Protein chains: 2
Amino acid sequence: MDIEDLARRVIAGERRALARAITLVESQRDDHRDMAIALGKAVAGTGRQALRLGLSGTPGVGKSTFIESFGKMLTAQGLRVAVLAVDPSSSRSGGSILGDKTRMEELSRDPRAFIRPSPSQSQLGGVARRTREVVALCEAAGFDVVLIETVGVGQSETMVAEMSDLFLLLLAPAGGDELQGVKRGIMEIADMILINKADGELKPVANRTCADYAGALRLLRKRPEDPKDFPKAMTVSAVAGDGLETAWEEMTTLADWRREHGHWDLRRAEQSRHWFEEEVRLGLLARLSNSAEMRERMQALGNSVAGGQLAPAAAAEEMLTILDARG
Amino acid sequence: MDIEDLARRVIAGERRALARAITLVESQRDDHRDMAIALGKAVAGTGRQALRLGLSGTPGVGKSTFIESFGKMLTAQGLRVAVLAVDPSSSRSGGSILGDKTRMEELSRDPRAFIRPSPSQSQLGGVARRTREVVALCEAAGFDVVLIETVGVGQSETMVAEMSDLFLLLLAPAGGDELQGVKRGIMEIADMILINKADGELKPVANRTCADYAGALRLLRKRPEDPKDFPKAMTVSAVAGDGLETAWEEMTTLADWRREHGHWDLRRAEQSRHWFEEEVRLGLLARLSNSAEMRERMQALGNSVAGGQLAPAAAAEEMLTILDARG
């Protein structure tokens with residue numbers, strides 16, 4: 001595979017080249033990994049930056065409908081939009097992305113949009129690290145907005161926030177009692193909370209829910225990277241298309257403010273450092289499972305520990321000595 | 001330090017030797033770590049097993065009062081009880097354990113009880129790995145019950161469950177709405193849920209809360225290691241001493257059932273293997289921070305990444321090559 005050529009075609013905006021580059025990045029083969037790193041170097045330096053939007057919402061809040069409506073509104077403005085996902089439970093059958101495309105029928109046929117489902121790895125850490133590299137590819141390919149969606153499971157929201165410029169939380173209208181259901185940690189990383197389904201008979205509930213969350217957000221510690229009024233809660237209706245333009249205006253306002261005040265670059269620098277450290281950690285741990293020999297040693301020592309012949313700490317010491325000797 | 005002698009005195013049940021052994025295990029000095037591993041080997045093979053009880057409960061549910069009452073009931077039956085804690089936020093001032101001892105005044109003066117606060121490390125993983133070794137020391141010292149308490153913060157409950165034979169969740173009486181506040185994951189690892197403060201005017205609320213949780217537990221998947229009726233919810237009053245004996249009977253019933261049906265040994269074997277693997281992982285990651293040279297390399301590469309000169313994955317590759325070369 002000619003990596004330099006592939007990089008050139010990704011940067012030129014060729015969709016098939018981008019799809020192929022992503023497949024390379026997501027591959028678990030060692031030789032592919034080396035090529036993926038070379039590709040990452042080759043596409044670096046375009047200086048292109050997309051607005052990276054993280055979006056979390058549990059099933060049932062209308063996330064797909066929101067992405068479809070919101071994405072179409074953006075492409076109608078001439079913007080190019082990439083939609084990625086971080087979902088460790090998703091599995092892709094033979095490269096088809098049926099699940100996501102049928103849920104976002106019009107957007108998936110839009111020439112200005114590019115939809116790619118979650119990499120099919122079982123480990124959240126593995127999914128997230130690949131998605132982050134895909135974000136970089138999409139930026140090099142000239143997308144204006146990269147939307148990274150996740151369902152609110154475990155650590156996935158934190159990981160998506162770590163690769164986003166803005167983090168959006170999509171919620172359904174609900175009674176005040178359920179406000180507690182949103183983990184406090186998520187409230188703290190959200191830049192905007194969007195209450196969806198603010199239409200028809202749910203509209204009054206949506207407005208109340210919005211007021212509840214706006215109140216809760218005011219109770220949170222003010223962050224230095226926020227202008228006043230942020231983080232904020234708003235209502236939208238993905239089905240009716242209401243509130244989407246206003247939401248987009250607020251996002252660009254917040255993004256511009258952060259750019260002007262230096263928070264944007266600082267945040268991206270910190271995020272990159274974080275991902276580097278995470279890559280090193282994951283790479284180190286991979287030493288334990290990459291070779292059959294090491295897997296067998298782990299297994300054998302684990303058996304001794306399980307059988308009570310060896311204490312966990314003593315067995316670990318032995319394993320670490322083996323790993324060190326091997327280098 | 002004569003490790004063999006220290007081990008003998010721990011096994012003989014000398015409190016001061018146990019305290020000293022724990023201090024050794026908790027030390028972060030490299031030479032102490034080597035001695036701690038030797039000590040672990042020297043005390044292994046007594047064949048003594050305590051009942052390891054994990055106990056979780058957020059501040060305000062009366063955890064200290066429960067441990068005090070429950071512990072005194074056990075020591076009054078002639079049992080020897082060790083109380084440990086896993087709490088990454090706790091800090092110990094110069095070896096004094098004032099905080100815990102004043103909260104459990106009578107138990108701390110009981111010759112059959114031994115109370116030891118959480119190791120003072122900032123990382124939860126570090127706290128938990130040391131506590132697990134302290135559990136082994138307490139078993140070698142002949143304690144019948146080792147109670148490991150934790151506040152319900154982050155992953156600490158899972159880690160305590162990973163070193164316990166039975167996992168207890170202590171809750172306060174509360175309205176049905178708040179049932180959702182207990183993380184589903186905790187419900188799934190709990191063997192018994194104890195609703196405390198079932199006394200005075202809170203008694204009716206406690207009974208209702210108990211019924212709510214009993215109902216919720218019935219909805220959970222049946223686990224093969226449980227006899228019928230488990231996991232179960234019960235009310236207790238630590239202040240009045242009500243329900244503590246019944247709770248203890250239920251615990252021993254469950255423990256005996258698991259011993260007879262082979263689940264006890266299996267669970268301990270799996271736990272040991274888990275802790276071994278965790279020790280290896282933590283030991284590998286420590287390679288990144290143990291030497292000043294590696295810390296500097298990480299820092300320098302991190303700076304290049306933050307500055308945008310190097311992609312996270314490429315920088316990680318470089319760091320891993322350096323670590324490999326060093327062995």
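Computed from heavy atoms alone, side chains included, the values below leave out hydrogens, waters and symmetry copies. Quick note on labels: first sequence line is chain A, next is B, and so on, each numbered from 1. In this text, all values refer to a predicted model and were calculated from it rather than measured experimentally.
- Of the atoms belonging to A:Leu301, heavy atoms from both backbone and side chain fall under 4.5 Å from chain B.
- A 4.5 Å side-chain heavy-atom check between A:Arg281 and B:Leu284 finds every atom pair outside the cut-off.
- Qualifying side-chain contact (heavy atoms from CB on, under 4.5 Å) partners for A:Glu296, counting only residues two or more places apart in sequence or in other chains: A:Ala292.
- When side chains are defined from C-beta on, A:Glu279 does not count as touching B:Leu320, because their heavy atoms never get closer than 4.5 Å.
- When the shell of 6.0 Å around CZ of A:Arg268 is examined, it contains more than 12 heavy atoms from other residues, nucleotides or ligands.
- Listed in order of number, the residues of residues 308-319 of chain B that approach chain A to under 4.5 Å between heavy atoms are B:Pro312, B:Ala313, B:Ala314, B:Ala315, B:Ala316, B:Glu317, B:Met319.
- The part of A:Arg132 that comes within reach of chain B is its side chain, from C-beta onward, which places non-hydrogen atoms under 4.5 angstrom from that chain.
- Heavy-atom contacts from other residues, nucleotides or ligands closer than 6.0 Å to CG of B:Asp31 number more than 12.
- Contacts between A:Asn303 and chain B at a heavy-atom distance below 4.5 Å involve backbone atoms as well as side-chain atoms.
- Counting heavy-atom pairs under 4.5 Å between each of B:Leu266, B:Val305, B:Leu288 and chain A puts B:Val305 at the top.
- Both the backbone and the side chain of A:Glu277 come within less than 4.5 Å of a heavy atom of chain B.
- When each of A:Ala38, A:Ala306, A:Ala36, A:Gly307 is checked for heavy-atom pairs under 4.5 Å with chain B, A:Ala306 comes out on top.
- Remark: A:His261 pairs with A:Trp257, A:His263 by the side-chain contact (heavy atoms from CB on, under 4.5 Å) rule, at least two apart or across chains.
- In terms of non-hydrogen atom pairs under 4.5 Å with chain B, the most contact-rich of A:Asp265, A:Ile37, A:Leu282, A:Asp34 is A:Ile37.
- Listed in order of number, the residues of residues 41-51 of chain B that approach chain A to under 4.5 Å between heavy atoms are B:Lys41.
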